[in-house]
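To start, the structure itself, in structure tokens.
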4 protein chains.
Amino acid sequence: MAEPDEHPASKRRQIIHGAEIVFTECGYEGASMSRIALRAAVSKGTLYNYFTSKSELFAAFVEQACASLIQVFEPVCEQEELAVTLNRIGQRMAALILSPDSLVLFRIVVSEAGKFPHLAQIFWQTGPQTALAYMSDWLGQEMQAGRLQPSDPTFAAEQFFALCQTRFGMKRRLLLVTETSQEEIDLVVGGAVRLFLNSYAAAAPVGLPRS
Amino acid sequence: MAEPDEHPASKRRQIIHGAEIVFTECGYEGASMSRIALRAAVSKGTLYNYFTSKSELFAAFVEQACASLIQVFEPVCEQEELAVTLNRIGQRMAALILSPDSLVLFRIVVSEAGKFPHLAQIFWQTGPQTALAYMSDWLGQEMQAGRLQPSDPTFAAEQFFALCQTRFGMKRRLLLVTETSQEEIDLVVGGAVRLFLNSYAAAAPVGLPRS
Amino acid sequence: MAEPDEHPASKRRQIIHGAEIVFTECGYEGASMSRIALRAAVSKGTLYNYFTSKSELFAAFVEQACASLIQVFEPVCEQEELAVTLNRIGQRMAALILSPDSLVLFRIVVSEAGKFPHLAQIFWQTGPQTALAYMSDWLGQEMQAGRLQPSDPTFAAEQFFALCQTRFGMKRRLLLVTETSQEEIDLVVGGAVRLFLNSYAAAAPVGLPRS
Amino acid sequence: MAEPDEHPASKRRQIIHGAEIVFTECGYEGASMSRIALRAAVSKGTLYNYFTSKSELFAAFVEQACASLIQVFEPVCEQEELAVTLNRIGQRMAALILSPDSLVLFRIVVSEAGKFPHLAQIFWQTGPQTALAYMSDWLGQEMQAGRLQPSDPTFAAEQFFALCQTRFGMKRRLLLVTETSQEEIDLVVGGAVRLFLNSYAAAAPVGLPRS
DNA sequence: GATGAATGAGGGTTCATTCAT
DNA sequence: AATGAATGAACCCTCATTCAT
């Protein structure tokens with residue numbers, strides 16, 4: 001199961017961890033292999049024994065970071081009221097958008113999307129697309145069960161996720177806000193659920209709060 | 001009328017234009033003053049006669065690019081059916097999101113938001129915030145006129161803009177799509193208007209299309 | 001008397017004055033023509049209308065500075081007791097060595113003596129050599145008058161001047177002392193006069209102070 | 001015996017040697033790291049593996065040069081006639097002043113004393129001050145032994161050293177003389193010893209030579 | 001397999017000098 | 001005669017990469 005004739009995986013992880021720290025702090029161009037070597041506590045030469053170039057190390061870091069983000073969505077959605085499940089999914093999505101880790105990853109992937117289109121694709125696939133597929137599946141089931149009006153479940157999921165980014169999505173990416181209160185998150189997610197169910201629920205529309 | 005005692009503005013523009021090309025292509029760190037000088041067709045020394053440093057030139061480029069984006073939203077919204085106006089606004093917002101100029105600006109501002117928080121702020125203010133204020137005002141009027149349910153108009157505007165980014169917002173920022181068909185835009189904007197009016201319109205909800 | 005077909009001398013002086021400020025502060029290499037132009041309140045182009053190069057402007061500055069230093073020695077030596085005259089000459093020499101103007105000139109000429117041997121020569125001739133010739137003449141007269149023992153008057157003058165630099169000569173040039181008290185100057189000059197007269201006076205030797 | 005975990009000292013010396021050549025020839029500002037690298041036969045990058053900056057390399061060069069000068073004064077002064085010992089010390093001092101190595105060091109330290117006061121201090125301490133302390137001690141002993149009149153031994157030493165610079169001290173620093181004949185050195189040192197002993201010796205004054 | 005000294009191209013920036021106005 | 005915008009070489013320094021140990 002191990003890779004006996006390869007570089008030990010532990011040192012590889014160690015290097016990627018150092019790379020994560022530095023890339024995260026300085027971006028791709030701003031990071032130097034010397035600093036990464038320092039933070040990974042290996043020599044500069046060793047870096048090149050494990051990765052043929054800076055760009056390859058960067059790719060490895062991004063891929064690993066993407067992989068570690070996806071888990072967030074694993075355990076979702078039991079049998080309960082629709083609004084409650086949607087709320088939980090929305091809260092989770094909001095948490096993901098607001099989390100420093102995903103934020104920094106998003107920002108660095110966007111920065112280098114021109115130079116590393118492959119990484120942008122990986123980010124998309126392991127992140128948003130996976131979440132989308134998951135929710136789309138679930139919505140499809142609910143539609144078939146008659147609890148949601150029949151419609152394109154993928155588009156519905158996309159709209160819901162778009163709504164979950166109301167207010168803080170862009171500001172967060174621009175680093176214009178550092179913290180977001182739970183009240184505000186509740187407001188945004190609640191609003192997303194309301195708009196979503198008012199259009200997609202099989203039942204009667206939900207009333208708006210008076211401002 | 002001319003500016004006899006100043007650096008000629010035309011050359012300043014020429015330099016900023018060269019900077020735009022290179023910054024746009026390589027990002028801030030990846031761009032070199034040599035390349036900018038080459039693209040601007042001036043000597044490297046001349047760059048420093050107009051801008052004291054690379055960062056200042058970058059700031060000038062971003063500010064100018066922000067200023068040239070804002071006009072998009074100026075003339076909007078007459079007296080007509082709500083859905084029509086919303087559709088026009090949504091189309092305009094979608095066009096903005098999809099335009100290469102705003103896209104490239106967004107990407108570079110996000111990249112350097114850590115190093116140049118001031119520029120992120122400028123981008124936010126001249127772009128999203130202005131559009132938001134504008135639409136919020138209009139929605140407030142419609143609410144007072146009884147054509148929309150009374151609610152927080154700013155939040156409603158934020159939700160509408162979030163909905164307008166459905167499907168292609170993030171993919172575009174990751175450079176995963178280069179062109180978007182008008183049909184798809186119509187689908188997204190139409191979907192945004194539908195969800196919006198279903199919740200906010202004073203009248204009865206609009207039906208969903210069958211997928 | 002003026003130079004009607006030449007550059008006006010006043011602007012020339014103005015430029016040299018600016019050069020003096022900057023060269024004095026930054027040294028030859030450290031000074032930039034831009035700064036000199038700024039300090040002289042003329043354009044950079046004008047600098048080159050009056051001086052063909054930075055080095056020529058530097059030469060002009062050094063020559064002018066040398067010329068303005070020499071005057072220090074003009075009015076010396078009346079008819080009075082030998083020790084009194086020597087003391088006055090010594091005091092003047094000490095003042096010259098300690099004066100900021102001559103110090104800065106010496107330091108800059110020493111710095112650039114390799115590159116501008118001509119300037120070192122000018123400094124020597126207008127400064128030390130002139131003082132030397134002057135004192136040597138006077139000593140020669142005193143020897144002929146029988147008030148000093150017959151000897152090489154130039155060498156005697158050189159020794160006296162060397163003695164006047166006791167203690168603070170080198171430290172001052174190394175910028176290790178910024179101020180010197182009058183007591184210390186008196187001590188050094190007094191010591192110089194004593195040693196000088198003990199050897200050169202026709203009369204009996206002067207006693208040393210007990211430490 | 002070797003230094004396995006350090007930069008090899010030999011290459012360090014090699015670099016300092018190259019720096020010595022270039023700094024000596026061009027001064028601090030005039031020297032370029034490229035030229036130093038060329039003269040040291042290493043790449044420019046290597047310079048920065050050993051010294052973090054140009055100024056640090058300069059400091060290392062000056063300190064090393066100071067250290068190598070100090071030895072001149074080590075073995076002095078046995079039991080013999082005063083005039084003979086003084087003559088030997090004077091000759092040594094003259095040799096030091098006239099030596100190209102100390103000359104070039106003095107000139108560069110004076111040049112940069114404003115920018116590197118620490119180096120001026122080091123130069124002073126390892127050079128003149130050490131010599132002074134040494135001679136002052138010896139003079140103090142001779143005074144106590146009754147062979148010199150009691151007086152301030154430090155001041156006496158300072159006067160003697162000042163006298164030893166008669167005639168060629170300043171001219172040499174200005175690079176106005178490149179070689180000095182032994183006759184002239186003998187004349188200057190002999191004159192210094194004579195003036196010194198005429199004032200400080202316990203015995204009768206020594207006669208002056210007729211010019 | 002791990003090291004880190006060595007490299008040299010390229011980074012941002014300064015500056016003496018020129019020349020059209 | 002005076003200007004100052006333009007130049008481009010040279011500045012100090014960084015860094016991805018290599019290779020002898």
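A, B, ... follow the sequence lines: proteins, then strands. Residue 1 opens every chain. On a predicted model such as this, the values are computed, not experimentally measured, just so you know.
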In residues 15-29 of chain B, which residues come under 4.0 Å of DNA chain F by heavy atom?
none
Please list, chain by chain and in numerical order, all residues satisfying salt bridge (charged side-chain N to carboxylate O under 4.0 Å, His left out) with Glu29(C), sequence neighbours excluded.
Lys115(C)
Quick note, salt bridge (Lys or Arg N to Asp or Glu O under 4.0 Å) partners involving residues 30-48 of chain A, not counting sequence neighbours, are Glu25(A)-Arg35(A)
Apply side chain to side chain contact (heavy atoms under 4.5 Å, CB included) to Thr46(B) and list each qualifying residue two or more places apart in sequence or on a separate chain.
Lys11(B), Ile15(B), Val42(B), Ser43(B), Tyr50(B)
Value in whole Å for how far the P atom of dC15(F) lies from CD1 of Ile36(A)
11 Å
Write down the distance between CG (Leu57(D)) and P (dC11(F)), rounded to a whole number of angstrom.
15 Å
Residues forming a side chain to side chain contact (heavy atoms under 4.5 Å, CB included) with Leu103(C), sequence neighbours excluded:
Arg107(C), Arg172(C), Arg173(C), Leu175(C)
List in numerical order all residues of residues 38-53 of chain D for which some heavy atom is under 4.0 Å away from an atom belonging to DNA chain F.
Lys44(D), Tyr48(D), Ser53(D)
Lys11(A) has an atom NZ; how far is it from atom C1' of dT3(E), in whole Å?
10 Å
The criterion is side chain to side chain donor-acceptor pair (under 3.5 Å); which residues satisfy it with Ser32(A), sequence neighbours excluded?
none
Given atom CZ of Phe58(C) and atom P of dA16(E), what is their separation to the nearest angstrom?
13 Å
Phe58(B) and Phe51(B): aromatic ring centres closer than 6.0 Å?
no
So the stems of DNA chain F, runs of at least three Watson-Crick or G-U pairs (under 3.5 Å), are E:2-21 with F:2-21
Who passes side chain to side chain contact (heavy atoms under 4.5 Å, CB included) against Asp101(D), sequence neighbours left out?
Leu69(D), Ser99(D)
Gap between atoms CD and C1', on Glu56(A) and dT17(F) respectively (whole Å):
14 Å
Taking CE from Met33(D) and P from dC15(F), how many angstroms apart are they, rounded to a whole number?
16 Å
So OG of Ser111(D) and CZ of Phe23(D): to nearest 0.5 Å the spacing works out to 12.0 Å
Residues passing the ring-ring contact (aromatic ring centres under 6.0 Å, His included) test with Phe106(A), sequence neighbours excluded, are none
Heavy atoms only, 4.0 Å cut-off, all strands: where does Ala37(B) land among base, sugar-phosphate and nothing?
nothing
To the nearest angstrom, the CZ-P distance between Arg35(C) and dA16(E) comes to 11 Å
Name all pairs fulfilling the salt bridge (Lys or Arg N to Asp or Glu O under 4.0 Å) condition that reach into residues 45-64 of chain A, sequence neighbours left out, sorted by first residue then second.
none
Acceptor/donor pairs from residues 117-124 of chain D side chains to any protein atom, 3.5 angstrom cut, sequence neighbours excluded:
from, atom 1, to, atom 2, distance (Å)
Trp124(D), NE1, Gln129(D), OE1, 3.0

